[in-house]
Amino acid sequence: MKNKDFDFIKEKFNGAQPEFPPSLDEKAIENKILSGQKHKTVKFKNKRNGVRAFIAAAACFALVFGAAFAAYRQVERQPKANEPSAVEDNPAVLTFNSYDEINELIGKIAKKEKIYKNFNKGGYLVQESDTASESESYSETYVQVDGVDEAGSVKTDGEYIYYAHYSYNDDKERNKVYVFRADNGKTSAVSVINCKRNSDSAYINDIFLNGDRLAVNISDSNFESTPLEQTGGHDTCVTVTEIYDVSNPSKPVFLSDFEQSGSYVTSRMIGGTVYVVSNYIINSPSRRYNIPQSGCKNEMKSIAAEDICYFKDTQSAQYNVIGAIDAQTGARAADTRAVFGCSSDVYCNEKNMYLTQSNFYSGNDVIKDGSYADGGSTGIIKAELGEEIKFTAAGVVGGYVNNQFSMDEKDGFLRIATTENMYLSENMTNRLYVLNENLDIIGQTEDFAKDESIKAVRFIGSTAYVITFEQTDPLFVIDLSDPKKPVIKGSLEIDGFSSLLVPVNENQMLGIGYNTEGGNGLVGLAGIKLALFDVSDSENPTLLDSKVLKDAYSAAQFDHKALVVNSEKGYYVIPCNFGADDGNGMGVITFEIKNGKIEITNKYVNDTKSKDEQLAECIYIGDYVYSIDTDDYSSEKILFYSYKYQ
């Protein structure tokens, strides 16, 4: 795409009257455009090279959707006497008493926003990281929280590699998992799993590997058992998790599947339980489709009204559905729960899941601490995980979160960093809040980084590291040792900005992000920037070293699961799209950090020259780094490249 094409898109988005959710901000759209990925008119491939394909139909729907729900309201902490009941022992979390209450609320939203008339029928914008041979180590998906696995397109047990692939070829099965055996840099095809859900409206999202079980997450935007013409224009999206026995990788066996209403958002695996979050949009006036469902195929049941909580005064007629699936059997691991209202970013640790809702304001609404939130706010609902999913608290903070890394829980306190006025051309400011177990605000920083927005956050123990950006890249170090009095200890400014912060050791922090010099004003065109920070002195952080790869970009700049860390041998791997100076192709970069310096050890450029080549995630097994590509989305040819790390 030419610069002027992107400038046109950028101008249209900047000039739009509605304020859009974070997933549609300039940065996210730009990343999708910069991938060089072909636009598809009907289907799109979800995160095959770390970039979510951005198609015209989905974009149009998103614009209509954003306009319809631009006037979100805040979560209030106490229900009024005539409102639906609150969760026992926590009146801040509101639940419904009956389906009639749910339908009444949906009707009010529909009347106010005329959503049924305005929605684009049939169009959904889908939202969005093991046992080895004894002698070899292997990569695992890079995750935010230890002990909480995240799904990815590639998983390995150290001997076999499982690759989830979606093909646009109408003449073949679309959703597949390819199984390969890796042996000292050589790969051989073992089997191919043709997923059970393989209609032309279904697409594979990602996978988990749990011992000898493979869990596959698939979205189906037009559920076959409910024809579109019978739903009054309602497109019944479902998310399906299929479980396969891969104890014999050459002959995988389908065991069972579990379905829940809505398009796939994200998932986590804790122990042997897979938690799946989907987004179910109410797009029909029919009461029949107003309640989300879950269960095995042909045994779907509606979620009980008392198992659905909601953000007070929400103007968003949709749910986030939380399903829990046993990774070994595919059976329901806990009753499915749902949150009514728009939820975007999800943070999850081994005990709790936090779901958020971006609230957009047109006036000076006030949150509990008395400050004005006309710059927007984020509603939060806390769900306790386990044999039962319980909603235990609700709260609200000013501003919007950047992504899941903007949140972290320690010792029962939720820490969350936000940007206010993110979608305004001026008066942006940032703040970090600390909330107690009831999600009451007990501490917050002063405003910092005026007219800049948060691009990356990482919490390490009692310290938060925050990257903001407008023209330069400030790193802020925030002391959270006293939750009631978070203090900004020090800051540092450099060119470019980091979008992912990776702890190296107790004194050093690695930043992976964007170079901004020479990019003609377009972030990303100037290349990849690696930055190494010394944070041993919290009051005086310093830049130890930086490296720039011009005319290159990587999925790791916007998807943390694209990063691979080999802790045993001390190197990092990221997939890379190289520019003309480095061979003009796909491949991987490896680098090490030694003596306060970043050393790029290898640039592996794949030998294929196909302009339609699509890069998947990369992994390592033993001494070898593997990258997995396809010629294009319709190809059945999977391209493996292996490089012995030296």
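The shown structure was predicted, so the numbers you read here are calculated from the model rather than taken from an experiment. Below, all heavy atoms of this structure are taken into account, side chains as well, without hydrogens, waters or symmetry copies.
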Intermediate values then yes/no, side-chain contact (heavy atoms from CB on, under 4.5 Å), Leu532 and Leu543: CA-CA 6 Å; Leu532 181 62; Leu543 178 68; 5.6 Å; no
Shortest non-hydrogen contact between Ser498 and Phe533, atoms and distance: OG-CE1, 4.1 Å
For Ser536, all residues meeting side-chain hydrogen bond (donor to acceptor under 3.5 Å, both in side chains), sequence neighbours excluded: Asp534
Working for side-chain contact (heavy atoms from CB on, under 4.5 Å), residues Arg268 and Val145: CA-CA 10 Å; Arg268 302 289 191 274; Val145 178; over 6 Å; no
Value rounded to 0.5 Å, distance of CG in Leu435 from CD in Gln444: 9.5 Å
Reported CG-to-NZ distance for the pair Leu544 and Lys597, which is rounded to 0.5 angstrom: 8.0 Å
Enclosure of Asp146 CG (heavy-atom neighbours >12, cutoff 6.0 Å): no
Ring pair (Phe, Tyr, Trp, His ring centres under 6.0 Å) partners for Tyr160, two or more places apart: none
Worked verdict on Asn430 versus Thr419 for side-chain hydrogen bond (donor to acceptor under 3.5 Å, both in side chains): CA-CA 4 Å; Asn430 305 277; Thr419 300; 2.6 Å; yes
Met586 vs Asn577, side-chain contact (heavy atoms from CB on, under 4.5 Å): CA-CA, chis, key distance, verdict: CA-CA 5 Å; Met586 303 282 189; Asn577 294 54; 3.1 Å; yes
Test item: Thr445 side-chain N/O and Leu432 main-chain N/O as donor-acceptor pair under 3.5 Å: yes
For Val276 against Ile325, the heavy-atom pair lying closest together: CG2-CD1, 3.7 Å
Stepwise side-chain contact (heavy atoms from CB on, under 4.5 Å) test for Ile589 and Phe578: CA-CA 10 Å; Ile589 294 170; Phe578 293 103; 3.8 Å; yes
Set of residues satisfying salt bridge (charged side-chain N to carboxylate O under 4.0 Å, His left out) with respect to Asp482, sequence neighbours excluded: none
Gap separating the CG atom of Asp495 from the CZ atom of Phe469, nearest 0.5 angstrom: 9.0 Å
Over all atoms of both residues, closest heavy-atom pair of Thr378 and Gly399: OG1-O, 2.7 Å
Salt bridge (Lys or Arg N to Asp or Glu O under 4.0 Å) contacts in which one or both residues fall within residues 388-404, not counting sequence neighbours: Arg337-Glu388
Qualifying residues under salt bridge (charged side-chain N to carboxylate O under 4.0 Å, His left out), relative to Lys489, sequence neighbours excluded: Glu539
Nearest atoms (heavy-atom pairs only) where Tyr465 meets Met509: CD1-CE, 3.3 Å
Within 6.0 angstrom of Glu384 CD, more than 12 heavy atoms from elsewhere: yes
Over all atoms of both residues, closest heavy-atom pair of Ser546 and Lys529: CB-CE, 4.0 Å
Pairwise distance CD1(Ile574) to CG(Leu549) - rounded to 0.5 angstrom: 7.0 Å
Contacts of type salt bridge (charged side-chain N to carboxylate O under 4.0 Å, His left out), residue Arg458, not counting sequence neighbours: none
Donor-acceptor under 3.5 Å (Thr542 side chain, Val535 main chain): no
Stacked cation flag Lys455 on Phe497, 6.0 angstrom / 45 deg: yes
Partners meeting salt bridge (charged side-chain N to carboxylate O under 4.0 Å, His left out) with Asp545 (sequence neighbours left out): Lys547
Within 6.0 angstrom of Lys485 NZ, more than 12 heavy atoms from elsewhere: no
Qualifying residues under side-chain hydrogen bond (donor to acceptor under 3.5 Å, both in side chains), relative to Thr241, sequence neighbours excluded: Asn217
Minimum heavy-atom distance Ala333-Asp326, with the two atoms named: CB-N, 3.8 Å
Set of side-chain hydrogen bond (donor to acceptor under 3.5 Å, both in side chains) partners for Asn349, sequence neighbours left out: Glu409
Side-chain donor or acceptor of Thr601 paired with backbone N/O of Thr590 under 3.5 Å: yes
Any side-chain heavy-atom pair of Thr156 and Tyr626 under 4.5 Å: no
Tyr620: ring pair (Phe, Tyr, Trp, His ring centres under 6.0 Å) partners, not counting sequence neighbours: none
Aromatic ring pairing His560/Phe405, orientation class (parallel under 30°, perpendicular over 60°, tilted between): perpendicular
Lys351: partners by side-chain hydrogen bond (donor to acceptor under 3.5 Å, both in side chains), with sequence neighbours left out: none
Gap separating the CG atom of Asp408 from the CG atom of Leu414, nearest 0.5 angstrom: 8.0 Å
All ring pair (Phe, Tyr, Trp, His ring centres under 6.0 Å) counterparts of Tyr572, not counting sequence neighbours: Phe591
